[in-house]
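Right, one structure below, let's go through it.
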Amino acid sequence: MTAINHELAQLLFPHVERTPHDWLTQYPPRSLPDSAFVTRYAPSPTGFVHIGSIYASLVASRVAHQGGGVFFLRIEDTDKKREQDGSIEAIVRNMINFGLSPDEGIIQIEPEEREVGAYAPYTQSERVAMYESFAKFLVERGLAYPAFDSETELDSLRKQQEAQRVRPGYYGVWARWRDAKIERIQEKLAQGERPVIRVRAPFPNEARVKLHDMIKGDLDLPANDNDAVILKSNRLPTYHFAHVVDDTLMRVNLVTRGDEWLPSLPLHVQLFEAIEQPKPKFAHIAPIAKMEGTTKRKLSKRKDPEADMTYYYVAGYPEQAVTEYLLNLANSRFEDWRREHPTTPNSEFDFKLDDMGKSSPLFDIVKLNDISKNVVASYTAEQVYMTSLVWAKQNNPSLAALLEHDRDYSVRVFNVERMSAAPRKDIVNWSDIERACGFFFDELFSASIAANGYPFPNLGAALMEQIIEAARHFDPATLKETWVIDMRALAEQFGFARDNKAYKKEPTAFKGQFGDMMMVIRVALTGKTNTPDLYEILQTFGVERANRRLDQAIAAVRSGENAR
RNA sequence: GGCCCCAUCGUCUAGAGGCCCAGGACGCGGCCCUUUCAAGGCCUAAACGCGAGUUCGAAUCUCGCUGGGGUCACCA
C-alpha cells in the first residue's frame, strides 16, 4: 500500500472505516459439511418472473438441498432505473408456489414481508457499505481507481475504437483516468463530479483463465484486461462487483447462473483474486430457447408469452407439471425415473449438474402438455377439484361458481374414469376443464347447444327418437356389463349390428354398427361426439338429469332444427 | 468483427473406441382393443453437420471447416 494510494482511498472513501476483514469476521464461514453447496437465486426486480429464472433456481435449490446445503434468495436491485414495483412479491410468490422456498432471504410477503438468515441483508441496495469497504481496499492496493469520463466521452471513445477497428473497452491507452495525477482527481471532486471506480486490470494481459465449470466442463478463457466499472457514480456496485463481494460474504460456494455470464467470468475471477478471497465453483446454465423462423434465441420477455410464469398460472398448469418439465429439460434421465417411480415426490429424484446439457434446449409446449396430462391424471378427484377451484376463482369465475354450487357433483365429475388402472388423460390444465368436462354442468351444456346445436349423425329423426327414448330407461343399479349387453340387444332390435365383427362382415345388412347407435345417445346426453364412457356419465348425471337431457334432445330431433 | 461456448431423429436426449447398420421419450403415421373420445398395447418413418487424421475398429479421440448461440454498458 503506497502512501499515494492510501491518500487516494481516503479521498474517495473518507467515511468508510470498516475493512473487508471486519465484514468477513461478521459473516464467518458456514458450518456445513465440505460436500454441501451454498447456492443462491439472485434476480433483479425488473418485471415479471421469467421461466428461465424458475429453471435456474430449481437447479440451484436441488443441488443445495440434496447435499444438505443452503439455498437463498438475494435481490439484485442495483439498477434503480429498471426496477419495477411488485417484482419482489412476484418472485417470492413464484418460489413458494414452485416449492423453491429459499432458506434465507425474503421467504414470505404475506401477511407481511419476512427476511431470515444470518447473512442479512439479502438486498443489494442495503449492502452498499460492504461494497465500499472492498472498493476502498482495492484503491488502497492500487487495484482500482476513479474515472470521471462522461457518457458522451465514453461514446466517442467507443466510436474512435470502432473507426480504428480495435477492440472496444477501457484499457491500455484508452484508459484515460488509469494513471491520473491525484491533483486532477482532487480538482474533479472539488467541482462536485462523481467518479466511477474501475478495476486496474493488468495490461497487456496474455494470461489465460483455466477453470472447471460444473456444467460446461474445462474452460480456457483469455484473462481480463479491461478496466471494468465496479462502482457506478451513484456508488452502487455493478453486477460484477456485487457478485464477487456478496458471494464471498454470504459464503456461496457454487454459483449457478445463465451462461451469458461466461464472457465476464475472467473479470470475476480477477476480482476474487484482487480482494484476496477464494473463488466459488461455477455452473453456467444454458438458457431455455425458442425458434423464431430459422434462428434460435433465448425465450424473450417481450416476445414470448410463455417466458412469463403468469402464462402457466393463467392456463392452469399444475406447478408440479411445470417443475417436472423443467426437471426433464435439466436432466433427461428424469422421465425414466418418473416412470419407475410414478408416485414418488420429484424432490427425491437424484438431480445431477453433470447431466445438464451444454447447449440451449428448445422450449416445447407439446411435451409440457404431455407431462401435465399425466400429472393431472395422477391427482385424485378431490385434488383436481380443490386445485382447479383455486384456479377458476381467479381465472374463470363462472366455472368457479359452478364448481362451488354442487361440490359433491363436481367431485364425482372429476372422478369419471379416474379410479381405474388407466385413468383418463384428457385434461391438460385447468383451462382445459370446460372443454373436457363442461357438458356435465347444465349451464355450460345449454350454452353449447345454443351455440352449436347437436352434432347428431344422419340416421333419420324417427329412429333417433326411438333410440333416445330407449335410453331413458337407465337403471343406476344395473352393472356396466349388463347395461352394455342390454344396449347391444337394443341395437340389434333397431337394426344395428350387435358388434363390429358382424358389421364388418356384412355392412349393408345393417343400419350401422353398435357405436353408431350409441353416438346418438352420447350426443343427446352431452352435445358432444367425444366424451368419457357413457355408463359412467349416466351414473354421474343421475336419472333425473339424464332424462331431462334426453327429453330435450327428443324435442330437438322432433323439431328438426338441430339435426344435421 | 474480436473473444467464448455449443453441435446425435422435428423436439428433449442416451451414448465417455468395439455392446450402435445408434436406444428412450414427446410428436407424427399405422394396426389392435373399443359404445365415441382419451388411455393402453404393438409397429413404422425419423438423427451421429462436412472433411481430414489417430486406430484393426470412431457418434465417441485430434485438427480443420461449416453452422448455431452468447458476449463485447455507470443492465443484470
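Lettering of chains follows the sequences in order, A, B, ..., and the numbering in each one begins at 1. Everything numeric here is computed off the predicted structure, so don't read it as measured data.
- Side chain to side chain, N331(A) and K352(A) fail the donor-acceptor criterion of an N or O pair below 3.5 Å.
- For the C1' atoms, the distance from C9(B) to A25(B) is 12 Å, rounded to whole Å.
- Nearer the 5' end of RNA chain B, as judged by each residue's closest nucleotide, is the contact made by S359(A), out of S332(A) and S359(A).
- Separating the CG atom of N226(A) from the P atom of C4(B) is a distance of 16 Å, rounded to the nearest angstrom.
- A distance of about 22 Å separates the P atoms of G53(B) and G18(B), rounded to the whole Å.
- G51(B) sits 23 Å from G15(B) when the C1' atoms are compared, rounded to a whole Å.
- Atom NZ of K210(A) and atom P of C5(B) are 12 Å apart (whole Å).
- Counted by atom type alone, T46(A) and R82(A) present zero donor-acceptor pairs between their side chains at under 3.5 Å.
- Remark: aromatic rings of Y239(A) and W261(A) are close, center separation under 6.0 Å.
- Ring to ring, F541(A) and F440(A) are close: their centroids are under 6.0 angstrom apart.
- Look at G27(B): it lacks any Watson-Crick or wobble partner with both distances under 3.5 angstrom.
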| note | Once base and sugar-phosphate atoms are separated, protein heavy atoms under 4.0 Å mark nucleotides 25-38 of chain B, 5' to 3', with B, S and - as SSS-------BBBB
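- Side chain to side chain, Y171(A) and N205(A) fail the donor-acceptor criterion of an N or O pair below 3.5 Å.
- A salt bridge links R339(A) with D336(A): the distance from a Lys NZ or Arg NE/NH1/NH2 to an Asp or Glu carboxylate oxygen falls below 4.0 Å.
- The main-chain N or O of H284(A) is found under 3.5 Å from a side-chain atom of D213(A) such that the two form a donor-acceptor pair.
- For the P atoms, the distance linking C61(B) with A7(B) amounts to 10 Å, nearest Å.
- Close to G15(B), at under 4.0 Å from its OP1 or OP2, lies no side-chain N or O of R333(A).
- The interatomic distance linking R297(A) (CZ) with G69(B) (P) rounds to 11 Å, in whole Å.
- Pair assignment for U71(B) gives G2(B), based on Watson-Crick or G-U wobble hydrogen-bonding distances that are each under 3.5 Å.
- Counting any heavy atom pair closer than 4.0 Å across all strands shown, R208(A) reaches sugar-phosphate atoms only and no base atom.
- In this structure, the CG atom of L262(A) is 11 Å from the P atom of C4(B), given to the nearest Å.
- Atom CG in L299(A) sits about 15 Å away from atom P in G69(B), given to the nearest Å.
- A22(B) is unpaired under the criterion used here, namely a Watson-Crick or G-U wobble arrangement in which both key atom distances are under 3.5 Å.
- In this entry U62(B) has A52(B) as its Watson-Crick or G-U wobble partner, both defining distances falling under 3.5 Å.
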| task | Encode nucleotides 71-76 of chain B as B, S and - characters from 5' to 3', where the letter depends on protein heavy atoms closer than 4.0 Å: B to the base, S only to sugar-phosphate, - to neither. | result | SSSBBB
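- No side-chain donor-acceptor contact under 3.5 Å links N346(A) and Q320(A).
- Look at NZ on K358(A): it is 16 Å from P on C4(B), rounded to the nearest Å.
- Side chains of Y145(A) and D227(A): a donor-acceptor N/O pair is present below 3.5 angstrom, by distance only.
- For the pair K301(A) and F48(A), the cation-pi criterion (under 6.0 Å, within 45° of the ring axis) is fulfilled.
- Nucleotide C5(B) holds its P atom 14 Å from the NE2 atom of H212(A), rounded to whole Å.
- Residues W177(A) and F148(A) place their aromatic rings such that the two centres sit under 6.0 Å apart.
- The separation of G40(B) from C28(B), taken at their P atoms, amounts to 13 Å, rounded to a whole angstrom.
- The gap from the C1' atom of C75(B) to that of G70(B) amounts to 16 Å, rounded to the nearest Å.
- Across all strands shown, C33(B) has no partner, as no Watson-Crick or G-U wobble contact with both distances under 3.5 Å is found.
- In this entry the distance linking CD of E292(A) with P of G69(B) reads 11 Å, nearest Å.
- Taking the C1' atom of each, A47(B) and A52(B) are spaced 23 Å apart, rounded to whole Å.
- R194(A) places no side-chain N or O within donor-acceptor distance of the main-chain N or O of S233(A), the cut-off being under 3.5 Å.
- Across U8(B) and A14(B), the matching C1' atoms stand 10 Å from one another, rounded to whole Å.
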For nucleotides 64-66 of chain B, tabulate all protein N/O to nucleotide N/O atom pairs closer than 3.5 Å, reporting atom names and distance.
none

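- Residue S420(A) is out of contact with every strand shown, counting any heavy-atom pair closer than 4.0 Å.
- Aromatic rings of F456(A) and Y454(A) (six-membered ring for Trp) have centroids within the 6.0 Å cut-off, being under it.
- With no hydrogens or angles considered, a side-chain donor-acceptor pair links S150(A) and T152(A) at under 3.5 Å.
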